[in-house]
Amino acid sequence: MNSKAIHLMSDEKNDGLEAFIALSQRTRMSGDLDHAEKLLKGGLKRAEEEMTRAELAMKRFLEELIVIYETQGKTSEAERLRKRLDSFRKH
């Protein structure tokens, strides 16, 4: 998949999350705070799930790059990525 396609997919996801926010704002301004709250909670859950998937993907990419760098003898690059990977594991 090329970078343009990835960027477009990312924009579509962000548009969906922005739609949750915009709808909740309109709902809040109309006075239906309970419905606005439900919309925001649903949007938050969706954003957290997407963030979790993205973090898992980043960990896998880092792990694979570390293996490649170690195989190539690029120990300083592998160590740099290992530190990045460790920072993910601490969260």
Notebook entry, point to check: Rounded to the nearest 0.5 Å, how far does CG of D86 lie from NZ of K83?
Noted result: 9.5 Å

Margin query: Run the side-chain contact (heavy atoms from CB on, under 4.5 Å) test against I21 and tell me which residues pass, sequence neighbours left out.
Written below: E18, Q25

Note to self: Running the 4.5 Å side-chain criterion over Ile, Leu, Val, Met, Phe, Trp and Tyr, what cluster does L39 land in, apart from itself?
What the structure shows: L23

Notebook entry, point to check: Of all residues at least two apart in sequence or in a different chain, which pass the side-chain contact (heavy atoms from CB on, under 4.5 Å) check with L40?
Noted result: S24

Item checked: Interatomic distance, R84 atom CZ to F61 atom CZ [nearest 0.5 angstrom] -> 12.0 Å

Notebook entry, point to check: With the threshold set at 4.0 Å, does a side-chain nitrogen-carboxylate oxygen contact exist between K59 and E55?
Noted result: no

Notebook entry, point to check: Partners of E48 by side-chain contact (heavy atoms from CB on, under 4.5 Å), sequence neighbours excluded?
Noted result: L44

Item checked: side-chain contact (heavy atoms from CB on, under 4.5 Å) against Y69, all qualifying residues, sequence neighbours excluded -> L65, Q72, K74, E77, A78, L81

Next item on the list: Enumerate the residue pairs fulfilling salt bridge (charged side-chain N to carboxylate O under 4.0 Å, His left out) with a member in residues 24-42, sequence neighbours excluded, ordered by first and then second residue.
Entry: E37-K41

Next item on the list: State the CE-CG distance between M51 and L56, to the nearest 0.5 angstrom.
Entry: 11.0 Å

Note to self: Quick check for you: to the nearest 0.5 Å, what is the distance between T75 atom OG1 and R80 atom CZ?
What the structure shows: 12.0 Å

